[in-house]
Chemist: 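I am attaching a structure below and will ask some questions about it afterwards.
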Amino acid sequence: MSGAAAIVAMECGWVVTEVGRQPWVVYRLQTTTAAATTNGGVITSLTLVIVLYAVLGAATLLILRALARRWRRGDAEEAAVPYGPPDERADQAAGRAGP
Amino acid sequence: MIAAAAVGGILLASVSLYAVLGGADFGGGLWDLLAGGDQRGHLPRRLIDESITPVWEANHVWLVFDLVIFWTAFPDAFAAVMTVLALPLWLAVAGIVLRGAGFAFRKEVRGLGLQRVLGAVFAFSSLLTPFFMGTVIGAIATGQVPAHASHASLAAWTGVTPLLTGFLFTGACGYLAAVYLRWEADRRGERSLVAYFTRRAQVAAIVTGALSLAALAELHASDPVLFSRLTGRALPLVIVAAASGLAVLALLTAGRRAGVRVIAALGVAAVIWGWGVAQYPVLLPGTGMTLSSAGAPHSTLVAIVVLAAVAAVTVGPSFALLFSLHGRQVLHAGDGHAVTASEDQPGAGLPGPQRGSPGQPSAASRAAALAMAAAVAVVRALDRRRRER
């Protein structure tokens with residue numbers, strides 16, 4: 001519960017600061033519309049960013065849960081090298097010259 | 001005027017630090033991509049993984065520093081660059097995000113297929129970012145960015161010079177990474193990897209040198225003003241860059257280890273400073289926008305200089321500590337060798353050269369070393385308890 005509450009609290013803080021400042025981006029000196037880019041494609045880039053971060057957020061959650069599951073089961077440590085053979089074979093194959 | 005020049009120098013120094021530190025991280029991704037299949041690529045990939053993991057977040061801090069200084073000190077130029085070159089900058093940012101995510105996730109997922117996909121994401125995005133940043137720099141240098149822009153422009157960054165600069169940046173990142181990884185392999189005593197990365201560093205040096213010459217030749221034809229500046233006032237830096245590349249090639253072929261990384265980094269930094277010196281004091285060539293006329297008031301520039309000095313004093317030692325610990329291989333949780341010594345002699349601080357060095361280490365560094373040893377001992381104890389459970 002407290003984990004989710006921490007995230008909610010953080011997001012509420014952001015909402016207060018970013019929505020509460022409207023219509024100013026610099027208080028009483030510049031409005032957000034005046035500061036905004038005149039480039040096209042803002043909606044496109046916003047959509048892509050939201051999609052990308054939704055995917056990354058979901059992937060983070062899934063991986064964290066998988067890590068927790070593995071830790072609880074007491075699994076052996078994962079392969080030290082990405083898509084490499086397991087460690088025992090690797091150390092034999094390595095033939096390192098020193099410590 | 002002086003404050004504006006000082007901030008310009010700080011910005012260039014920060015860009016150089018990003019290039020020689022973060023650039024090597026991107027280059028690591030390139031060599032990871034080209035390392036071959038599972039068996040053949042196992043050893044190089046392990047070295048790349050272990051070299052990048054402890055330091056990559058710290059290395060990419062410089063990009064944030066660059067951007068903040070750029071928009072605070074030179075807002076009009078920042079607005080123009082961000083508007084005109086929006087697309088390559090978006091692609092570079094996408095590369096940074098995907099690179100970090102791919103690198104972090106691929107170690108934690110199970111299943112070779114998924115690991116390979118994430119690894120490919122990491123490696124490809126490592127190539128994208130330096131390429132598109134190169135096109136941005138090339139576009140600025142050849143005067144493609146007007147002072148007042150309202151729309152992005154595809155033509156601005158797809159000319160021959162910006163594209164060549166993009167390839168040049170990617171090549172330089174691969175070159176730096178190969179040189180650093182060779183030093184790393186040498187220090188670990190992995191002779192096969194030393195030969196592996198020496199060959200790659202030599203190839204990367206030659207390719208990057210060829211790209212630099214091609215870019216210069218192209219500038220001679222298409223942008224004579226910039227070319228004359230580069231071969232005029234910036235000539236010493238161009239010579240330093242060329243000499244450094246040749247020196248690195250010679251040292252690599254002779255099998256020497258000392259100083260190769262520093263010389264390679266100096267060469268890359270010389271290229272960046274050569275660009276800055278050639279353009280000085282104009283920020284956007286082709287416009288009248290100079291360092292002093294890019295929108296920030298004088299007091300802002302002075303404040304930035306003061307803050308940069310404070311940052312150097314407070315952040316510099318932390319970076320030095322991080323790299324020195326990384327260099328002594330104390331930052332690996334699973335690697336028993338470097339940590340065993342500190343556990344056996346808890347009062348001795350870090351293993352290695354420090355005990356034998358002449359002169360007394362300062363009280364602060366001894367305290368830091370003890371704190372590190374204590375933290376490492378605690379982590380190891382927790383890890384043992386977890387495994388015994």
Side-chain angles (χ1 to χ4, degrees), chain A residues 25-26 29-30 34-99, chain B residues 32 37-39 41-50 79 82-84 86-87 90 93-94 97-98 100-116 118-119 122 149-152 187-194 332-338 340 383 386-389:
Chain A
V25 69
V26 182
L29 289 176
Q30 194 178 37
T37 183
T38 45
N39 252 330
V42 175
I43 299 287
T44 316
S45 53
L46 175 66
T47 313
L48 286 173
V49 166
I50 290 177
V51 167
L52 175 64
Y53 274 86
V55 169
L56 287 179
T60 308
L61 265 173
L62 288 173
I63 287 178
L64 283 174
R65 292 182 55 168
L67 276 178
R69 228 181 304 125
R70 268 181 248 154
W71 182 81
R72 257 183 262 120
R73 283 204 306 254
D75 269 4
E77 293 193 15
E78 63 272 18
V81 178
Y83 28 95
D87 258 332
E88 308 86 276
R89 268 196 301 148
D91 279 330
Q92 284 170 15
R96 294 163 93 165
Chain B
D32 190 278
D38 295 349
Q39 289 295 336
H42 165 75
L43 285 179
R45 286 210 176 92
R46 175 167 68 178
L47 183 66
I48 292 171
D49 196 56
E50 288 178 3
M82 291 292 149
T83 307
V84 173
L87 185 56
W90 269 113
V93 163
V97 171
L98 289 172
F103 183 69
F105 287 167
R106 71 176 184 170
K107 283 188 76 169
E108 307 302 342
V109 296
R110 291 295 176 84
L112 199 57
L114 197 51
Q115 276 192 344
R116 278 215 192 95
L118 288 170
F122 157 65
S150 59
H151 287 290
R187 203 197 25 138
R188 293 167 187 231
E190 301 188 30
R191 273 196 290 269
S192 65
L193 281 181
V194 172
H332 297 272
D335 186 335
H337 306 290
T340 313
D383 193 56
R386 172 184 79 80
R387 271 197 243 116
E388 282 161 10
R389 196 176 301 189

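Letters A, B, ... are given to chains in the order of the sequence lines, protein chains preceding strands, and every chain is numbered from 1.
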Chemist: Using non-hydrogen atoms and a limit below 4.5 Å, what part of residues 51-60 of chain A faces chain B?
Modeler: A/L52, A/Y53, A/L56, A/A59, A/T60

Chemist: Which heavy atom in B/E108 sits nearest to a heavy atom in A/R70, and how many Å separate them?
Modeler: O-NH2, 2.6 Å

Chemist: In sequence, state the C-alpha distance, the side-chain angles, and the governing distance for A/V49 and B/W90, and then conclude on side chain to side chain contact (heavy atoms under 4.5 Å, CB included).
Modeler: CA-CA 10 Å; A/V49 166; B/W90 269 113; 3.6 Å; yes

Chemist: Please tabulate, for the side chains in residues 36-45 of chain A, all donor-acceptor contacts under 3.5 angstrom to protein atoms that are two or more places apart in sequence or on a different chain.
Modeler:
| unit_1 | atom_1 | unit_2 | atom_2 | d |
| --- | --- | --- | --- | --- |
| A/T37 | OG1 | A/N39 | N | 3.1 |
| A/T38 | OG1 | B/S150 | O | 2.7 |
| A/N39 | OD1 | B/A152 | N | 2.5 |
| A/N39 | ND2 | B/T83 | O | 2.8 |
| A/S45 | OG | A/G41 | O | 3.2 |
| A/S45 | OG | A/V42 | O | 2.9 |

Chemist: Of the backbone (N, CA, C, O) and the side chain (C-beta and beyond), which part of B/L98 lies under 4.5 Å from a heavy atom of chain A, both, or neither?
Modeler: side chain

